[in-house]
Amino acid sequence: MPEYKWPPMNKRKIMGQRLSRLDGPVKSAGRAKYPSDLNPQGLLQAAMLTAPYAHAKIKSIDTAAAKALPGVTAIRLFDKVAPGFEVQWAGQELALVSATSEEVARDAIRAIKIDWEILPHVVKDENLAKVGTRAKAAGEKVTGDPDKAYGEADVKLDSEYGIPVITHCCLEPHGQVIAWKGGDQIDYWPSTQAVSTVAGQLASLIGVPAGNINVTCDYMGGGFGSKFPPDPWGAESARLSKESGGRPVKFFLDRATELTIAGIRPSHFAKIKIGAKKDGTITSWMSDSWSSGGAGGGPATPIPYVFANIPNARINHASVSLNSGPQRAWRAPNHPQASFLTCSALTDLAAKLSMDPLALFMKNANLTLREATYTDQLKKAAELIDWKNKYHAPGEGKGSIRRGVGIGVATWGGGGHASKCKVILHPDGTVEVELGSQDLGTGNRTCISMVAAESLGLPMSAIKVKIGKNSYPASGPSGGSTTIGGVSTSTRKASLNALEKLFEKVAPALGTTADQLEAVDSRIQVKGNPNKAMSWKQAAQKMGPSPIEEMGENVPAQAAREGLNTLGAAGVQMAEVEVDTETGIVKMRKMVAVQDCGLVVNPKTAESQVFGACIMSICSALYEERVIDQVTGRVLNPDMEFYKLAGLPDIGEIVVHMDIQEVHDKRGVIGLGEPCAIGGTAAIANAVFNALGVRVPMVPVTADRVLNALGNKRYA
Amino acid sequence: MQSFEYANPATLKEAFAALGSSWEDAAVLAGGTDLLSIMKDYVQSPKRVVNIKGIKELGGISRKGGSMRIGATTTLDELTSNAAIRSSYPGLVQAAMGVTSPQLRNMGTVAGDLCQRPRCWYFRRGFGLLAKGPNGEALVPTGENKFHAIFSNGPAYFVSASTLGPALVALGASVTIASASGNRSVSVEKFFVAPTGDGQREIDLKPNEIVTEILIPVPATKNATYEVRQRELVDWPLSAASVALRMNGNTVTSASIALGHVAPTIWRATQAEKMLVGKTITAETADAAGEAAVANATPLSGNKYKVQLTKVAVKRALLAAAGIKA
Ligand SMILES: Cc1cc2nc3c(=O)[nH]c(=O)nc-3n(C[C@H](O)[C@H](O)[C@H](O)COP(=O)(O)OP(=O)(O)OC[C@H]3O[C@@H](n4cnc5c(N)ncnc54)[C@H](O)[C@@H]3O)c2cc1C
Ligand code: SF4
């Protein structure tokens with residue numbers, strides 16, 4: 001068996017280089033075909049009717065007029081949609097219609113007549129006292145003696161914070177093109193994060209063998225955790241295709257539906273009490289949190305976050321069910337919210353102690369699982385943002401424009417998922433690498449190519465990476481920051497397994513044995529001896545007529561032993577903002593992100609991940625919020641106009657420091673997508689506090705919230 | 001969107017023939033930046049769309065008697081790059097540049113900006129301009145009103161969306177409106193009206209009329225616009241103030257102050273205007289004028305902050321017009 005371990009840092013030729021993504025040119029030229037770009041021959045378009053009420057019962061439903069419209073090929077009602085069915089949120093799926101054009105399909109859904117009995121709904125959760133029986137206690141967790149410790153504390157914080165529901169807001173909405181052809185063969189082009197698992201799920205929804213479903217997803221326009229399942233509209237689109245004689249059906253959510261039902265990040269609110277000694281040592285924590293992720297209630301709030309080992313703690317949580325679109329995993333589920341709640345409280349505690357929050361975070365680093373790492377990262381981030389010069393006592397400063405700095409911290413797992421890779425060495429010297437994986441825009445394709453090239457001693461141009469189809473060996477869904485660990489490991493192993501077979505074929509010609517050979521610079525040579533070598537092409541010819549096909553697999557349970565990938569990523573982010581105290585408008589000046597993630601395959605695409613994550617944090621700290629109307633139960637801003645995201649001029653300077661060092665590198669590859677999307681919101685909210693000396697308890701920190709928090713306070 | 005007929009007239013006469021007597025019959029299409037989205041949302045579903053961009057006489061910027069004439073289909077980009085406009089009406093240019101998207105400035109027209117429909121999220125979701133719930137109740141006063149009016153006693157609570165409106169009102173501009181039966185002229189200030197009943201529009205325009213031009217008096221003023229926006233990326237102002245000052249040396253002889261995004265119409269701050277006459281613009285007088293401008297505000301449950309924003313917008317616009325650094 002080959003020795004799979006990564007080559008030492010200083011011996012790597014391709015991995016570790018700052019390389020641009022392979023698909024950059026086709027994407028920027030608009031030639032990359034996303035599922036929503038596909039228009040196969042005979043295409044039908046579909047449109048979906050959704051519920052106009054947040055809670056209501058169907059009295060009657062009549063699709064006759066819709067069916068009669070010329071151009072309509074089929075109509076499907078969603079599961080259980082019939083008289084007596086109760087919708088639980090506005091936007092819930094009711095019917096899907098396929099037609100010869102999108103216009104006809106849209107006319108058709110408007111021609112479906114439904115009589116409703118409107119039922120009472122609950123859609124707001126900021127105020128726990130107002131949600132009544134919709135709040136369910138989720139149990140209490142007690143460590144030590146929190147009441148005693150809090151009673152005896154020198155300094156006490158008692159405060160409340162909240163972070164509302166935001167949506168995934170994928171630029172390419174959810175959807176697919178699908179054709180259910182004769183013989184139950186299905187061609188399926190979904191916008192998905194799960195190329196290898198989505199067919200199996202669809203198969204069980206529509207009752208065809210999974211092996212009959214051919215999935216293709218070469219590119220996709222964002223998922224952030226919301227694009228794993230085939231979705232009910234995927235299954236109904238398939239059925240529409242079947243009922244329309246196998247013609248392909250295209251259905252993607254419109255923007256309003258995308259922002260209403262295709263996934264939300266749950267809200268989290270918490271009342272937090274912290275007790276500390278005069279020197280800043282935290283002695284107790286008590287929190288009452290609540291959250292909502294739609295009709296199914298809300299997840300637990302993982303607080304105290306990162307500083308988890310507070311000796312005395314009482315944690316209570318309530319799950320609130322609302323008549324609003326359901327939650328889906330959102331880039332580091334519940335971590336950004338927990339980081340915001342915890343780091344806000346710690347920063348406010350520091351103010352009560354008249355202490356620099358950086359000092360407080362450092363002082364209590366022993367409450368984290370990785371004291372040394374966080375201490376290092378806090379120092380590095382402080383250096384990058386010039387904390388020493390920029391930090392001032394909260395609210396201190398002159399003039400109506402105030403600046404401030406703040407901190408947020410993060411932790412994440414990110415071990416590699418199960419992944420299989422097949423490497424094919426052809427007798428003509430060409431190489432193919434196949435994985436049923438997907439590139440969400442992260443650079444996955446590029447990293448696979450780098451690992452294969454490094455392992456085979458070839459340039460990347462010699463390798464054809466094939467991903468995005470379920471006919472390739474199964475690789476896990478891209479969630480939980482598990483992709484890079486999984487695919488880099490399986491690709492490494494498959495490459496070396498294939499190489500071993502090649503060595504066996506060429507060893508006799510080089511007068512040696514396979515174990516004495518290495519692949520370097522497109523040659524196969526006796527280890528360390530370039531004079532006893534042959535070119536890759538010559539070596540390939542020794543194969544005979546059949547290609548070499550070898551598999552490699554990442555098995556998560558074996559990962560620790562093999563050492564190619566691991567888990568556990570820490571990160572610290574700091575932000576500097578400027579607040580116009582007369583208008584309450586906050587502008588980003590700078591953000592720094594210090595991130596460890598083990599062995600970094602490609603520092604450039606890794607940094608891109610962090611840049612994107614910082615921008616997402618800016619969005620949720622300053623702009624993003626789903627607004628629901630109390631009376632009608634409708635989302636009022638399911639658009640890109642009042643559901644606000646940051647634009648280029650809003651993001652300020654972003655400095656990313658990938659903590660690339662031998663000690664981290666030795667740990668192996670760790671996923672990055674999520675850990676870097678956690679700490680930024682807290683950092684920005686805390687920077688606003690530092691600027692103003694007044695806490696804005698809810699994000700996004702919009703003009704109204706800032707001015708309300710300031711009250712009659714004036715700055716000059 | 002609903003299917004519709006498309007008319008592409010080359011003359012005003014042909015255009016009038018294509019328009020109808022009700023809003024359901026036909027809609028004028030200029031840049032389409034608003035009309036298309038509102039049609040896609042089925043908020044407005046005209047049977048015919050009449051493109052006026054092919055009508056030559058509706059374009060161009062020129063002197064016309066004692067006024068500067070801006071043709072209706074002049075794009076925001078043409079407006080902001082015109083030298084005469086830039087030198088005499090910086091307040092108008094600042095307002096147009098506030099539409100921070102080059103794409104929108106390339107397509108959007110000046111008359112389209114004045115005629116665009118309100119962005120009230122209840123209206124845009126199909127609850128009507130007066131935003132009523134299932135039982136006919138007004139949704140805005142107790143609902144999500146942080147972007148709504150602070151000067152209104154109902155029943156309309158939306159804010160006028162036009163960014164050019166305040167600047168043109170401050171400059172004393174008028175619009176020329178044409179129909180098959182002739183032309184009429186209305187001040188931009190009077191062009192905006194607050195609807196009081198269902199089915200009424202927010203501008204003084206009939207379905208068979210077309211705005212042909214905007215006329216701005218030439219005797220120049222010191223003018224400026226200040227808008228408060230949450231984002232730099234294209235975003236609606238939370239509040240905006242445009243001011244035009246006539247001066248004798250450093251002394252204000254007359255002032256017009258027009259507020260945008262705070263009422264269903266463009267709101268004149270008459271008290272503030274009066275108190276500035278005979279004064280010099282300083283940080284103090286500008287602040288006092290801001291205070292006076294919002295003295296009669298009647299904010300809703302969630303938009304008191306807009307009172308403060310408006311006060312600051314007035315102050316900063318005055319200081320900018322007077323060339324004083326805030
Ligand atoms: C994302 C976004 C952000 C925006 N931000 C701003 C902003 O900050 N400030 C701002 O002011 N605007 C903003 N706009 C709106 C845009 O600038 C204006 O809508 C634009 O100027 C309208 O011009 P248009 O020619 O495209 O109008 P159209 O969409 O063609 O028409 C708008 C309306 O006016 C009517 N109309 C147009 N011309 C005439 C005419 N000559 N006579 C009679 N009726 C006419 C049409 O029938 C229609 O009802 C924004 C738009 C979008 C999509
Ligand atoms: S997002 Fe930009 S590129 Fe895309 S349609 Fe809008 S303006 Fe054009």
Student: Answer yes or no: is there an ion pair linking Glu232(B) with Lys587(A), defined by an N-O contact shorter than 4.0 Å?
Tutor: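 So Glu232(B) pairs with Lys587(A) through a salt bridge.
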Student: Closer than 4.0 angstrom, basic N to acidic O: yes or no for Asp198(B) and Lys132(B)?
Tutor: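 Salt bridge flag = yes for Lys132(B) with Asp198(B).
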Student: Among Arg106(A), Arg634(A), Lys644(A), Glu102(A), which has the most heavy-atom pairs under 4.5 Å with chain B?
Tutor: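 Winner by heavy-atom pair count: Lys644(A).
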Student: Return yes if a side-chain donor-acceptor contact under 3.5 Å exists between Asn51(B) and Asn8(B), otherwise no.
Tutor: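 Looking only at side-chain atoms, Asn8(B) and Asn51(B) do form a donor-acceptor pair, the distance falling under 3.5 Å.
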Student: Which one of Asp650(A), Leu645(A), Thr702(A) has the most heavy-atom pairs closer than 4.5 Å to chain B?
Tutor: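 Highest number of pairs under 4.5 Å: Asp650(A).
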Student: Mind ranking Val627(A), Val631(A), Ile118(A) by heavy-atom pairs under 4.5 Å with chain B and telling me who comes out on top?
Tutor: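 Most pairs with chain B among the choices: Val627(A).
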Student: What closest approach, in Å, do Ala241(B) and Ala317(B) show between heavy atoms, and which atom pair accounts for it?
Tutor: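 Taking Ala241(B) first and Ala317(B) second, the nearest heavy atoms are O-CB, 3.6 Å.
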Student: Is chain A contacted by the side chain of Asp235(B), its backbone, both, or neither, given a heavy-atom distance below 4.5 Å?
Tutor: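 Just the side chain, heavy atoms under 4.5 Å.
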Student: Salt bridge (charged side-chain N to carboxylate O under 4.0 Å, His left out) with Glu578(A): which of Arg403(A), Arg402(A), Lys590(A)?
Tutor: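 Per the salt bridge (charged side-chain N to carboxylate O under 4.0 Å, His left out) rule, the option paired with Glu578(A) is Arg403(A), out of Arg403(A), Arg402(A), Lys590(A).
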Student: With a 4.5 angstrom heavy-atom cut-off, could you sort out which part of Met640(A) is near chain B: side chain, backbone, both or neither?
Tutor: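 Backbone only.
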Student: Heavy-atom pairs under 4.5 Å with chain B - which of Asp580(A), Leu622(A), Asp639(A) has more of them than the others?
Tutor: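 Counting heavy-atom pairs under 4.5 Å, the top option is Asp580(A).
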Student: When heavy-atom pairs shorter than 4.5 Å are enumerated against chain B, which of Val586(A), Asn708(A), Leu636(A) gives the highest number?
Tutor: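 Among Val586(A), Asn708(A), Leu636(A), the one with the most close pairs to chain B is Leu636(A).
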Student: Looking only at heavy atoms and a cut-off of under 4.5 Å, which of Met1(B), Lys306(B), Lys146(B) has the most pairs with chain A?
Tutor: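 That would be Lys146(B).
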Student: For Val706(A), which atoms come within 4.5 Å of any heavy atom of chain B: side chain, backbone, both, or neither?
Tutor: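 Neither part.
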Student: Can you say whether Val701(A) sits under 4.5 Å from chain B via the side chain, the backbone, both, or neither, judging by heavy atoms?
Tutor: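 The backbone, not the side chain.
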Student: Taking the cut-offs as 6.0 angstrom to the six-membered ring centre and 45 degrees off its axis, would you call Arg110(A) and Tyr42(B) a cation-pi pair?
Tutor: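 Yes - Arg110(A) lies over the ring of Tyr42(B), closer than 6.0 Å to its centre and within 45° of its axis.
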Student: Between Phe123(B) and Phe158(B), is the ring centre distance below 6.0 Å?
Tutor: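 They do not qualify: ring centres at least 6.0 Å apart.
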Student: Against chain A, label Arg119(B) side chain, backbone, both or neither, depending on which of its atoms sit under 4.5 Å from a heavy atom there.
Tutor: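 Both backbone and side chain.
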Student: Any carboxylate oxygen within less than 4.0 angstrom of a Lys/Arg side-chain nitrogen, looking at Glu144(B) and Lys124(A)?
Tutor: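 Salt bridge between Glu144(B) and Lys124(A), a charged N being under 4.0 Å from a carboxylate O: yes.
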Student: Between Glu641(A), Gln630(A), Arg705(A), which has the largest tally of heavy atom pairs under 4.5 Å with chain B?
Tutor: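 Of Glu641(A), Gln630(A), Arg705(A), Glu641(A) has the most heavy-atom pairs under 4.5 Å with chain B.
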